[in-house]
Protein chains: 2
Amino acid sequence: MTVSEDGYSGRTIRSVTIAFNIIEVLQERKHVGVTELANELGHSKSTIYSHLQTLTERNYLVQEPEGYRLSLRVLDIANRVREQVGNYDVITKEVDELAETTGEIVQFGIEEHGMVSYLYKAAGDQAVETRSRVGIQQPMYSTSLGKTILAFMPTDRTASIVSNADYEANTPNTITEPAELHSELDRIESQGYGVDDEENIQGLRCVSAPVRHEETVLGAISITGPSSRFTDDRIHGEFADHVQRAANVIELNTKFSSTGVSEFD
Amino acid sequence: MTVSEDGYSGRTIRSVTIAFNIIEVLQERKHVGVTELANELGHSKSTIYSHLQTLTERNYLVQEPEGYRLSLRVLDIANRVREQVGNYDVITKEVDELAETTGEIVQFGIEEHGMVSYLYKAAGDQAVETRSRVGIQQPMYSTSLGKTILAFMPTDRTASIVSNADYEANTPNTITEPAELHSELDRIESQGYGVDDEENIQGLRCVSAPVRHEETVLGAISITGPSSRFTDDRIHGEFADHVQRAANVIELNTKFSSTGVSEFD
DNA sequence: GAGTTACGTTCGGGTAGCGGGAACGAACCG
DNA sequence: CGGTTCGTTCCCGCTACCCGAACGTAACTC
């Protein structure tokens, strides 16, 4: 199968766009009414109404006296998605344990669409706030998870992502040059783990280790915390050890539950 | 706001239907290709292709060499939905504890669309298999959760659901008569908990208690297990106590996080 | 209780946005 | 190298969709 490069020429379907606009508003606010949505999304009430009917009939929405709201159906889909990803149970176990022992934020991320998506997150008792949340995306080049995944991907995929990213400096430390990124990736590949030194958020440092499978990476696990607690010594010492050990456990326990048979030549 | 009765006259939108058909196929199988989907759903490849583009652009799908797959974005939506429901954390805590102490299946359900939707489920170490799963729906009249919720709802809503349900006997014990159901609901209301005596699945019995808030019900919590272990004595004794206590804890901890202000007359 | 406002819902028409079919290019096979 | 199968593209025609306007109803005001 061929995977098209970026730049969508295929048409995007208007009605579907509207439907998901509605769903995204409903993510933010629990109950929304027809008129409210119509104003917000710039469509007529009748249009919105038809969409709401469709979504309700399909059981993605529920109509209540206060307005429409997302139904629990989404939870079912989410569970299926979790099941589809490598060994979700092992991942949560390792992440939870690491969060408990270190007291910091521990996350597991995978690559999607040239960005990092967070699959699971646990916060230890000293954990600071971050902008990440399960299911959302962040750039590859400015996070330790992203860089670590990039470093262990097949080289062509890495190259494609590195060259197609639009770099934006979140902090003075953010890497915004493909060349610089490539050499950073080489360093990560040889040392076996990646570090984010306030490149994504000022004051926060992270360490990540990859979970590898055959020729590619399933994802990576990271510890995040304030620079005050994340000294060079600890980062390259205990923290690097921790993430690498956890990544290893996940690797060993992950009987890659892919449906597709891996193709050998 | 007026809430329309069943019987959709509003139009349902074809493209949205197709989009969700795709998503539902992707729930079952991790990776699916264009041609495969086109055949399965009875549309041309170009149609499917446009939809896939739209969904991918919106980040609900990811394109991989093996085909398209659902992205982690869904997990974010699911988390939001959980946050929107009353106090999710308390509910999981109580359900987990009850599953641990009893060893059986414990579930929390709410009413949606005249059916029971499962919000959370935990299995104790002796737990048997059931057909329920988080996010899916089951009839109100044949489950203890459903009957219990019905019993404590505002009477007009109860009446509407009871009369609009299409009754189907899953087992010889299933209640299929509105009149009979109403008297069962009265019994549940007066005794404070509901029982399912092999009405939904042969060999399984359940006990449920309602979580009430002001004039209505937020949901109900239930214990499920094999009739062999669920004798009349235990059901009306320890099990009824357990669910009622847990429901009570949830009630007390639930600062109803509704956005809408409840209307008093 | 009339008048007002705001809501969800219904209906029909005109148009552009979709769905279909066919063709292209790229992999992969023997 | 011919055959197959995949994803992708393109264009044409029709229909399904979006809009606007009207309706019904609940709630609130004075």
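Each chain gets a letter, A, B and so on, in the order its sequence line appears, and its residues count up from 1. Just so you know, these numbers use all the heavy atoms, side chains as well, and skip hydrogens, waters and symmetry mates. What you see is a predicted model; the values in this text were computed from it and never measured.
- Of the candidate nucleotides C:dG19, C:dG13, C:dG8, C:dG8 has the atom lying nearest to any side-chain atom of A:V34.
- In this structure, A:R212 fails the cation-pi test against A:F152, since its NZ or CZ atom is not both closer than 6.0 Å to the six-membered ring centre and inside 45 degrees of the ring normal.
- Summarising the geometry, the separation between CZ on A:R11 and C1' on C:dG20 is reported as 10 Å, rounded to the nearest angstrom.
- The two residues B:Q84 and A:K30 make their nearest non-hydrogen contact at O-NZ, 2.8 Å.
- The nearest whole Å value for the distance from the CG atom in A:L52 to the P atom in D:dC18 is 12 Å.
- The shortest distance between side-chain heavy atoms of B:V85 and A:L72 falls below 4.5 Å.
- Where A:S46 and B:S44 meet DNA chain C, the nucleotide closest to each residue was compared, and A:S46 sits on the side nearer the 5' end.
- Between the P atom of C:dC18 and the CZ atom of B:R14 lies a distance of 12 Å, rounded to the nearest Å.
- For B:K45 and D:dG7, a side-chain-to-base donor-acceptor distance below 3.5 Å is present, hydrogens and geometry of angles not being considered.
- Between the C1' atom of D:dG7 and the CG atom of B:L61 lies a distance of 15 Å, rounded to the nearest Å.
- Regarding contacts with the backbone of D:dT8, a side-chain N or O of B:Y68 is found under 4.0 angstrom from either OP1 or OP2.
- Note on B:Q63: every side-chain N or O is 4.0 Å or more away from OP1 and OP2 of D:dC6.
- Rounded to whole angstrom, the span from the CD1 atom of B:I18 across to the C1' atom of D:dC17 amounts to 13 Å.
- Contact annotation: B:T35 reaches the phosphate of D:dG7 (side-chain N/O to OP1 or OP2, under 4.0 Å).
- Per the geometry, CD belonging to A:E66 stands 12 Å off P belonging to C:dG8, to the nearest Å.
- Residue A:T47 has no polar side-chain atom (N or O) positioned under 4.0 Å from OP1 or OP2 of D:dC18.
- Residue B:H51 places at least one side-chain N or O closer than 4.0 Å to OP1 or OP2 of C:dG19.
- In this structure, CG of B:L41 is placed 12 Å from P of C:dG19, rounded to the nearest angstrom.
- In this entry the distance linking OH of B:Y49 with C1' of D:dT9 reads 8 Å, nearest Å.
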**Request:** Begin with the C-alpha distance, continue with both residues' side-chain angles, and end with the deciding distance and a verdict on ring pair (Phe, Tyr, Trp, His ring centres under 6.0 Å) for A:Y167 and A:Y141.
**Result:** CA-CA 8 Å; A:Y167 296 90; A:Y141 58 86; 4.7 Å; yes
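- Across D:dT8, C:dG19, C:dG12, the shortest atom-to-atom separation from the side chain of B:H43 is found for C:dG19.
- Put simply, the side chain of B:E180 never gets that close to the backbone of B:I175: no donor and acceptor are under 3.5 Å apart.
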